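This report concerns only the one structure given below.
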Protein chains: 2
Amino acid sequence: MYLSKLFVPLLKEIPSEAKIKSHQLMLRSGMIRQSSTGIYSWLPLGYKIMKKIEQIVREEQNKIGAQELLMPTIQSAEIWKESGRYEDYGEEMLRIKDRQGKEMLYGPTNEELITEIFRASVKSYKSLPQLLYHIQWKFRDELRPRFGVMRCKEFLMKDAYSFDLSDTEATISYNKMFFAYLQTFKRLGLTAIPMAADTGPIGGDLSHEFVILAETGESRIYSDKRIFDLDISKHSSEDNSIKELRKKYDSFYAVTDDKFRKEDFETKVEKKHQLVTKGIEVGHIFYFGDKYSKPLKCKVDLKDGRKVNVKMGSYGIGVSRLVGAIIEAKFTDNVMRWPESVAPFEVAIIPSLQKNDKSIYAKAETIYKFLKKNNIDVLFDDTDEHLSAKFKKFDLIGIPYQIILGFKDIGDKLEFKEVTGKTETMSLEEIKKKLVNKRNLN
Amino acid sequence: MYLSKLFVPLLKEIPSEAKIKSHQLMLRSGMIRQSSTGIYSWLPLGYKIMKKIEQIVREEQNKIGAQELLMPTIQSAEIWKESGRYEDYGEEMLRIKDRQGKEMLYGPTNEELITEIFRASVKSYKSLPQLLYHIQWKFRDELRPRFGVMRCKEFLMKDAYSFDLSDTEATISYNKMFFAYLQTFKRLGLTAIPMAADTGPIGGDLSHEFVILAETGESRIYSDKRIFDLDISKHSSEDNSIKELRKKYDSFYAVTDDKFRKEDFETKVEKKHQLVTKGIEVGHIFYFGDKYSKPLKCKVDLKDGRKVNVKMGSYGIGVSRLVGAIIEAKFTDNVMRWPESVAPFEVAIIPSLQKNDKSIYAKAETIYKFLKKNNIDVLFDDTDEHLSAKFKKFDLIGIPYQIILGFKDIGDKLEFKEVTGKTETMSLEEIKKKLVNKRNLN
């Protein structure tokens, strides 16, 4: 892609309404544009990053056998009345009357609707266990939307639902999701810690919040810092292996505000291991048994002919929020570096272009075409800005690698720079190999 | 995938509310489920097909240099008041008041919002031409939703917008889309004919509707039948080549009801070439100049310092509707065959399983594992239904190829059947090669 053609409206100034790093960066680098309070359009750069995150989330869901479907954004109020949540949910639910006066709503979550689908579709124990998920836009009419995509009204979420016959089997489903979440966040370049959490309005008795460290986080977290060193790479998605893994995490104290009790923290965690900091919630998993299947009468036949309410859990990841969360975790000293797995491009070509010397442009374009031919996703800065202005711009865009064509004569070699790091002198062939290797690691 | 694990609630009966083939098939084969009047959930089978259609639409947009972004579903009423359409749009627009009483709406289309984004982002002629698109859920509060996904309330649409400096340049953008549409429908296994059409509520003066033939179509079409034989494969996306192609299409009479005039038809088309039939609209492209840029004051600076309203066009494809349209075009004699490019699986393994003989199951599973290992997307019917019931089921699911393990002893060979066609006897290796070749053609 030629930068002059890319629809990326960069801002020079920090917009005054943006209080946190991610919101500032996303506006300045033309990733998003607010269309009305708390509602954003995703411009090409931001959308490309979000789609990559979405795809990683999807792949890890598929790996544990979850099946993707898609529920609509607009739901009927009826099923919410069945579950009893229609009144409870409060003003955050966007309530709508259609032209015939029917009460509808823009789904803030989907426990009711998935339960309705399941009860109409599945009658027998033979079809269980079942994991279903969708990745869909949700709406919460926040009174004070803020922090850009971190707390906005319309947001993209992956929500999964598990259906089992018993608590024991449900725990296996829960654990699978626990595992998939750790894998997902790892692939996104994040260390996310599962923390015992309150179940809140979803209800239920088993719940983990996945939290990444960030100064701007809205949750205070209290933990044994050794939990950050746990290695998930030795564990597989096999039931017992995940059970072991969960035990390891459970053995270290780590909670958010809701579950924090000072006495517990002091007695369970030695002073030298205590870590009190802030974090951002990027995922939340719940087990709530028959909380919804009971009022919604979602039953299946057991082998012996009895009927039982299915045991359910729900599992969310904030996909659009993750874009902001990754920035909060990675944006330091005014330089962004996207994890390679979600970077908008694999490499940028940054030449110093002179009006009276077309040779550098020609050289840059030759490199561009060579990389394209090798299926490397490259952004070519073909604008006539000064090199220093270009560097500032690319500090924001956050492409992990740069090929710089400046004034230094280094023969056939090229300057190859990591956006946050060192510059090497390499041949184009070496650069290509390095980029392909990097990609294969992801 | 094992069929017993796939979340595909098949119906034995034809649901009485479904009047047309696509609606019946989609309900019976568990592709969709109505969640409230005119609003559907897409279950795994249906969703997989729709995602494949979406991806083909996306790839053909990208090929002509269009850039993907995503506008939100919920829009502010303000910009619609600026353009003057807020009152005009009527009751089909789903109007919403948020908790603070602000007038919002669920976008039925996006001319206003994209114009607002463009005017805020682009100031100079240097950034034009520009093609932007998104694939997003839209809502139209249909008074009488019917025909399943063909005329429902919440639907997925690709809508693209072009921005140019002059009518002449805008025609080039328009032609590119014209070309992309023909390519898109061809890859979907459809012959879609661009027909001169009325511009309707979008406004403007140049417009084509892309229509496929189907008895259940809502539009009557009048055409010179030779237009169906035009070959697009000799044309490239280069400007002049598309111009030639458009000329060819324009040389044959083909219109929908709106533009039909009996005298024209009789004088322009010889009796023997006249075709009057019904069709389904699957895409619509419009050029409307400054219809929106003028009221919304979307201007750019020209080279000589003057300011000019950008010239715009808009280009829609009904992605979710295409699922139904393909069924209407391809479902005959109670047998569905999905075009290979969008089929939910590449091949099905259909064994006759006996309770007291595990050998067929074992053989089927070996074949399944072999195909999976070779990255072929295969559905294994591991249920214990009778072979005849299985065949009926697979006639609905529409996977183009079947490997049948019945009672005939044919040694190391296998029965390989096209769902709508003949059965061959082939080795597994030959089957694999054939499937891989088929895929490479798409």
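Everything numeric here is computed off the predicted structure, so don't read it as measured data. So that the names make sense, note that chain A is the first sequence line, chain B the second, and so on, each numbered from 1.
The environment of NZ in K102(B) is crowded: more than 12 heavy-atom neighbours from other residues, nucleotides or ligands sit within 6.0 Å. Within 6.0 Å of atom CG in D384(A), 12 or fewer heavy atoms from other residues, nucleotides or ligands are found, so the atom counts as exposed in its surroundings. More than 12 non-hydrogen atoms from other residues, nucleotides or ligands lie less than 6.0 angstrom from NZ of K63(B). Within 6.0 Å of CD on Q100(A) lie more than 12 heavy atoms contributed by other residues, nucleotides or ligands.
Side-chain contact check for W137(A) versus L70(B): some heavy-atom pair is nearer than 4.5 Å. For the pair P72(B) and S41(A), the minimum side-chain heavy-atom distance is below 4.5 Å. Counting only heavy atoms from C-beta outward, the side chains of S36(A) and E78(B) never approach each other to under 4.5 Å. At least one side-chain heavy atom of L43(A) sits less than 4.5 Å from a side-chain heavy atom of I117(B). Looking only at side-chain heavy atoms (C-beta outward), V122(B) and F7(A) come within less than 4.5 Å of each other. Between D98(B) and K153(A), the closest side-chain pair of non-hydrogen atoms falls below 4.5 Å.
Taking the charged nitrogens against the carboxylate oxygens, R99(B) and E142(A) have no contact shorter than 4.0 Å, which rules out a salt bridge. Of the charged side-chain nitrogens involved, none lies within less than 4.0 Å of a carboxylate oxygen, so that K48(A) and E68(B) do not count as a salt-bridged pair.
Looking at K126(A), there are no atoms closer than 4.5 Å to chain B (heavy atoms on both sides), in backbone or side chain. Heavy atoms closer than 4.5 Å to chain B are found nowhere in K123(A), neither backbone nor side chain. Only the side chain of L113(A) comes within contact range of chain B, with at least one heavy atom under 4.5 Å from a heavy atom of that chain. Within the 4.5 angstrom heavy-atom criterion, no atom of M93(A) approaches chain B. For L6(B), the parts lying under 4.5 angstrom from a heavy atom of chain A are both the backbone and the side chain.
The residue among I74(A), L128(A), I96(A) with the most heavy atom pairs within less than 4.5 Å of chain B is I74(A). In terms of heavy-atom pairs under 4.5 angstrom with chain B, the leader among R95(A), Q75(A), E91(A) is E91(A). Top candidate by heavy-atom pairs under 4.5 Å with chain B, chosen from L94(A), L143(A), L132(A), V8(A), is L143(A).
In this structure a side-chain-to-backbone donor-acceptor pair under 3.5 Å is present from Q67(B) to K5(A).
Taking CG from L69(B) and CZ from R33(A), the interatomic distance works out to 12.5 Å, rounded to the nearest 0.5 Å. In this structure, the separation between CD on E112(A) and OG on S35(B) is 13.0 Å, given to the nearest 0.5 Å.
Across all their heavy atoms, M104(B) and I39(A) have their closest contact at CE-CD1, 3.7 Å.
Checking E154(B) against T73(A) by side-chain atom types alone, a donor-acceptor pair falls below 3.5 Å.
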